[in-house]
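Beneath this line is the structure, given in structure tokens, with notes to follow.
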Amino acid sequence: DTGVSQDPRHKITKRGQNVTFRCDPISEHNRLYWYRQTLGQGPEFLTYFQNEAQLEKSRLLSDRFSAERPKGSFSTLEIQRTEQGDSAMYLCASTNSGRGPYNEQFFGPGTRLTVL
Amino acid sequence: DQQVKQNSPSLSVQEGRISILNCDYTNSMFDYFLWYKKYPAEGPTFLISISSIKDKNEDGRFTVFLNKSAKHLSLHIVPSQPGDSAVYFCAASEDSGTYKYIFGTGTRLKVLA
């Protein structure tokens, strides 16, 4: 396995449209995290999964955002009725909690969303 | 409320010299700290970490120092190389079960040849 992959790498959409991003973590990793990064800022936590269970969501994750991780493998992040303020880099990270809680998270290359 | 702060947006260093990147935090519950490096169009890459029970951790050219009383950590790169030019993010985590990272805003390091 070569690492965390994300698809698409870039997405341009019009305001009001729905978009969906996919993240494929490193195969043996049971924890998966979504972060959002805007210009000039560091990544900000959105939500995380332990296997298929979504265990925490940030207040940044409005009702228009939904994330899933069916079968504890890949994850999807959907944004409904996109707004210009949703324009950002969406990063996915994974780690294996079985090796201890403080293993580093491995990040994917991100999906850059531009809402026109 | 910015819990992790990197007050220097950019830093330029001559090749072969030491680069020192700084990070301050406000949450005393943080007990694990990491540095990530990010190149354009790539995701952050893990560099080095330190637990709050230590005050120093070394890995090759990279050393992280932690001063818990001052709530301050720093990353030293010696000697600096042009390939080190990137954005460096400091991140912190606490033993809350989530182990999510709280990132600083990053410092852009430029190593001049």
Side-chain angles (χ1 to χ4, degrees), chain A residues 2-10 21 23-26 29-50 53-61 88-112, chain B residues 1-10 21-25 27 29-54 57 59 62 64 66 86-108:
Chain A
T2 57
V4 179
S5 61
Q6 292 187 246
D7 184 71
R9 295 291 305 275
H10 303 273
F21 310 140
C23 170
D24 286 271
I26 293 172
H29 285 181
N30 60 342
R31 289 192 172 208
L32 186 149
Y33 298 78
W34 284 98
Y35 292 84
R36 180 176 72 183
Q37 185 179 13
T38 53
L39 197 62
Q41 300 296 315
E44 295 174 288
F45 169 78
L46 292 179
T47 188
Y48 105 100
F49 293 83
Q50 170 112 352
Q54 187 175 17
L55 298 184
E56 185 171 331
K57 293 193 289 187
S58 162
R59 65 179 186 279
L60 293 175
L61 217 62
M89 175 75 81
Y90 289 85
L91 293 161
C92 174
S94 70
T95 190
N96 186 351
S97 67
R99 293 170 50 202
Y102 285 134
N103 290 309
E104 66 270 19
Q105 296 175 17
F106 292 82
F107 282 81
T111 295
R112 180 168 294 285
Chain B
D1 176 31
Q2 193 76 26
Q3 297 186 70
V4 178
K5 301 176 186 179
Q6 293 177 258
N7 292 318
S8 297
S10 64
L21 294 91
N22 294 303
C23 178
D24 297 291
Y25 62 95
N27 187 344
M29 299 300 292
F30 288 148
D31 57 3
Y32 190 66
F33 304 88
L34 310 95
W35 285 93
Y36 276 81
K37 179 169 71 173
K38 188 178 185 304
Y39 293 117
E42 295 182 12
T45 302
F46 170 74
L47 200 54
I48 193 170
S49 62
I50 188 167
S51 164
S52 61
I53 62 173
K54 294 184 175 182
N57 188 27
D59 184 2
F62 303 93
V64 56
L66 176 62
V87 178
Y88 289 77
F89 289 100
C90 167
S93 184
E94 63 177 285
D95 185 8
S96 64
T98 306
Y99 306 108
K100 65 190 178 195
Y101 293 166
I102 307 299
F103 283 87
T105 52
T107 296
R108 182 177 301 277

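Not measured: the values here are computed from a predicted model. Convention: sequence-line order gives letters A, B, ...; per-chain numbering from 1.
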Report summary line: Scored by heavy-atom pairs under 4.5 Å with chain A, the best of Lys100(B), Gln6(B), Gln2(B), Glu42(B) is Lys100(B)

Query raised in the report: Could you go step by step and tell me if Phe46(B) and Phe107(A) meet the ring-ring contact (aromatic ring centres under 6.0 Å, His included) rule?
Result: CA-CA 9 Å; Phe46(B) 170 74; Phe107(A) 282 81; over 10 Å; no

Query - Partner of Pro43(A) by side chain to side chain contact (heavy atoms under 4.5 Å, CB included), out of Phe103(B), Tyr101(B), Tyr36(B) - result: Phe103(B)

Query - Contact summary for Leu91(A) and Gly43(B), nearest pair of heavy atoms - result: CD2-CA, 4.3 Å

Query - From CG (Leu47(B)) to CD (Glu104(A)), nearest 0.5 Å - result: 11.0 Å

Query - side-chain contact (heavy atoms from CB on, under 4.5 Å) between Lys38(B) and Gln37(A), intermediate numbers included - result: CA-CA 12 Å; Lys38(B) 188 178 185 304; Gln37(A) 185 179 13; 3.6 Å; yes

Query - Phe62(B): ring pair (Phe, Tyr, Trp, His ring centres under 6.0 Å) partners, not counting sequence neighbours - result: none

Query raised in the report: Is there a donor-acceptor pair under 3.5 Å between the side chain of Arg9(A) and the backbone N or O of Ala41(B)?
Result: yes

Report task. Counting only heavy atoms closer than 4.5 Å, note whether Gln41(A) contacts chain B via side chain, backbone, both or neither. Result -> both

Query raised in the report: Judged by atom type as modelled, is there a donor-acceptor pair below 3.5 Å linking the side chain of Gln105(A) to the main-chain atoms of Tyr99(B)?
Result: yes

